[in-house]
Amino acid sequence: MAPLILAHGGAGRRPMTRAQKQYLSAALQVGYHLLERGAPAMTVVEQTIRVLERSGVFNAGLGARLQLDGVRRMDASIMEGKGLQAGAVASIEGIVHPITAARLVMEETDHVLLVGPMATAFAAQFKLERQRISAPKRRLSYGALLKRKRPLGNRHGTVGAVALDRFGTVAAGASTGGIARMLPGRVGDTPLIGCGVYADNHAGAVSMTGVGEGIIRMAVAKEICDRLTGGEAPKAAARHVLNKLVTRIQGSAGTLVLAPDGRFAIAHVTPHMTAGWCNGRGEPVVRDRFR
Ligand code: ASP
């Protein structure tokens with residue numbers, strides 16, 4: 001099986017920056033190098049996302065945006081397609097790598113999703129690398145926050161990856177600081193299995209980015225996988241579901257779709273999506289538009 005890694009740095013209105021291109025390319029190289037050495041897809045997805053979380057140039061990990069009260073709360077999830085194992089964290093604070101916390105939920109507990117201060121406490125047990133916890137800056141009541149503008153849209157930055165390893169297993173992951181102007185406690189699609197990510201060796205692997213409220217309501221990642229199982233090609237499945245997201249609920253998103261036979265698609269209904277892939281033939285390909 002020819003291994004392959006795809007990664008993204010978010011879909012939105014803004015073009016990719018030079019630094020984002022460099023980090024995405026570096027992350028794909030790290031991921032592909034691991035695949036070549038026989039690493040499982042799960043490890044590859046985690047390590048690729050860790051490079052992006054650490055970069056500080058994406059809306060994840062060190063670069064994650066703040067919620068309306070000035071606090072950085074992050075979401076992440078990871079899933080592998082052989083045993084359909086998955087782990088996720090939501091509203092976690094104070095760590096550099098939420099994707100690793102998600103993997104630990106999968107491997108060290110009988111659960112799939114841990115949230116809030118207890119997810120943060122869980123991560124502390126494993127001595128994950130810490131980042132400074134941002135203190136609430138605006139001492140506004142929740143009522144006052146509610147009167148502020150509701151979430152408007154997405155800017156670049158959530159990160160994600162999908163991989164196919166030598167043994168034919170796929171995996172998917174994503175990590176985010178959420179969307180602009182979100183209420184404290186808001187959780188998007190990224191930590192929700194079947195919405196922001198899905199992976200099944202009988203279907204494929206999907207990692208989503210975009211406005212989570214729409215992606216959740218249409219359980220987008222699972223629907224794309226179901227279409228793959230039904231025989232649709234990755235590109236057709238991605239287009240179908242993204243178009244439905246737009247026409248039914250005016251959603252906005254981008255997706256990485258990888259089939260277990262190595263066919264893949266990168267698709268978006270936003271002006272830009274920072275994404276790329278590496279299959280070992282030459283340098284990683286990284287662009288901010290895919291048609
Ligand atoms: N999907 C993420 C969220 O809604 C944001 C993004 O992908 O840009 O939290």
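One-based numbering, in listed order, for ligands and for the atoms of each.
For ligand 1, the atoms sitting less than 4.0 Å from at least one non-hydrogen atom of Thr209 are 6 (C), 7 (O), 8 (O), numbered in the order shown with element in parentheses. In the vicinity of Thr158, heavy-atom distances shorter than 4.0 Å reach the ligand 1 atoms 2 (C), 5 (C), 6 (C), 7 (O), 8 (O). Listed by atom number, the atoms of ligand 1 under 4.0 Å from Thr190 heavy atoms are 1 (N), 2 (C). Ligand-side atoms of ligand 1 in range of Ile179: 3 (C), 4 (O), 5 (C), range being under 4.0 angstrom from any heavy atom. Each of the following atoms of ligand 1 lies closer than 4.0 Å to a heavy atom of Asp189: 1 (N), 2 (C), 3 (C), 4 (O).
Lys21 pairs by the salt bridge (Lys or Arg N to Asp or Glu O under 4.0 Å) definition with nothing, not counting sequence neighbours. Evaluation of the ring pair (Phe, Tyr, Trp, His ring centres under 6.0 Å) rule for Phe167 yields no partner, not counting sequence neighbours.
At a heavy-atom cutoff of 4.0 Å, ligand 1 is contacted by no atom of Arg65, backbone or side chain. Residue Asp75 does not touch ligand 1, judged by heavy-atom distances below 4.0 Å.
Within the 4.0 Å heavy-atom shell around ligand 1 one finds Gly178. Heavy atoms of Met182 come nearer than 4.0 angstrom to ligand 1 in no pair at all.
Neither side chain, Arg13 nor Thr270, offers a donor N or O lying under 3.5 Å from an acceptor on the other. Between Ser25 and Glu283, the side chains place no donor N or O within less than 3.5 Å of an acceptor N or O (distance only, hydrogens not considered).
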